[in-house]
Amino acid sequence: MPARRTHAVSSRKPSTRAEAATYVLRKLRLLFNTIKGHFREVEKKAGVAGAQVWALSVIRSQPDVGVSELARAMDIHQSTASNLLKPLLEKGMVVAGRAREDRRALRLRITRAGLAVLRKAPGPVTGVLPEVLSKLDLETLMRLDEDLEAVIALLDADRRGAKVPLGQP
């Protein structure tokens, strides 16, 4: 994780709307740059993208997980999960077998190569943002959700982007 620089974000209360917007922008930059720094560190140490490390950790903790279950566990679209898996399968970090009950369904297992990647990866394997959010109390999360909803509405953001993990290759 990169060194923290607290001087970049002012603790002084803003006195104008423009100043408040600047303070929030700085905090968002700090947030995004911290997340990017974590993903760079993961990729540098583990050799795969952060989202792939997360997928490996889910597969390790849930042997024989299917692609749909993996997508649900990571809160991503099934096609995104499939795209994350392709290089892991090609590099031999994951193996896929057919389910006995439904020959169309794939069941995923981590290999020794995948376990070696997880051992090299700095934590948290789910990424720093999900980890930090999981530590916030419900009231804070609900307030943050409302406030972010207001920003998203003003951006007129494409909500499909919510199902694409940060740090995806």
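Because the structure is a prediction, the values reported are computed rather than measured.
- Residues I35 and L129 come closest through the heavy atom pair CD1-CD2, 3.8 Å.
- For S15, the side chain to side chain contact (heavy atoms under 4.5 Å, CB included) partners are E19, not counting sequence neighbours.
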Atom pairs and distances, donor-acceptor, side-chain atoms in residues 59-67, under 3.5 Å, two or more places apart:
unit_1, atom_1, unit_2, atom_2, d
S61, OG, S57, O, 3.2
S61, OG, V58, O, 3.1
D64, OD1, R109, NE, 3.1
D64, OD2, R109, NH2, 2.9

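- When all heavy atoms of P87 and N83 are compared, the closest pair comes out as CD-O, 3.3 Å.
- Heavy-atom minimum distance, V53 versus A121: CG1-CB, 3.8 Å.
- Residues satisfying the salt bridge (charged side-chain N to carboxylate O under 4.0 Å, His left out) criterion with E90, sequence neighbours excluded, are absent altogether.
- Following chains of ILVMFWY side-chain contacts shorter than 4.5 Å, one cannot reach L84 starting from V95, and the two form parts of different hydrophobic clusters.
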For a quick test of your reading: what N or O donor-acceptor pairs under 3.5 Å do the side chains of residues 146-154 make, sequence neighbours left out?
unit_1, atom_1, unit_2, atom_2, d
E149, OE2, R159, NH1, 3.4
E149, OE2, R159, NH2, 2.5

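- Residues passing the side chain to side chain donor-acceptor pair (under 3.5 Å) test with D156, sequence neighbours excluded: none.
- Scanning both residues, Q78 and S68, for their nearest heavy atoms gives OE1-OG, 3.1 Å.
- D145 is linked by a salt bridge (charged side-chain N to carboxylate O under 4.0 Å, His left out) to nothing, counting only residues two or more places apart in sequence or in another chain.
- The heavy-atom pair separating L88 from A55 by the smallest distance is CD1-CB, 4.3 Å.
- Distance check, rounded to the nearest 0.5 Å: CZ of R143 to CG of L138 gives 11.0 Å.
- In this structure the side chain of H38 never reaches within 4.5 angstrom of the side chain of T34, judged on heavy atoms.
- Side-chain contact between L106 and L85 is absent, with no heavy-atom pair separated by less than 4.5 Å.
- Evaluation of the side chain to side chain contact (heavy atoms under 4.5 Å, CB included) rule for A21 yields no partner, not counting sequence neighbours.
- Every residue was checked against the side chain to side chain donor-acceptor pair (under 3.5 Å) condition with R17, not counting sequence neighbours, and none meets it.
- Applying the salt bridge (charged side-chain N to carboxylate O under 4.0 Å, His left out) rule to D75 yields the partners K163; only residues at least two apart in sequence or on another chain are considered.
- Not counting sequence neighbours, the partners of K45 by the salt bridge (charged side-chain N to carboxylate O under 4.0 Å, His left out) test are E41.
- M142 is not connected to L136 by any chain of hydrophobic side-chain contacts under 4.5 Å among Ile, Leu, Val, Met, Phe, Trp and Tyr, and they are in different clusters.
- When hydrophobic clusters are built by joining Ile, Leu, Val, Met, Phe, Trp and Tyr residues whose side-chain heavy atoms come closer than 4.5 Å, directly or via intermediates, L141 is not grouped with V132.
- Side-chain contact between E69 and R107 is present, with heavy atoms from C-beta onward closer than 4.5 Å.
- Residues A81 and L70 share a closest heavy-atom pair of CB-CD2, 4.4 Å.
- Remark: A113 pairs with M93, T111 by the side chain to side chain contact (heavy atoms under 4.5 Å, CB included) rule, at least two apart or across chains.
- Among residue pairs with one or both ends in residues 115-139, those qualifying as side-chain hydrogen bond (donor to acceptor under 3.5 Å, both in side chains) are D137-T140; sequence neighbours excluded.
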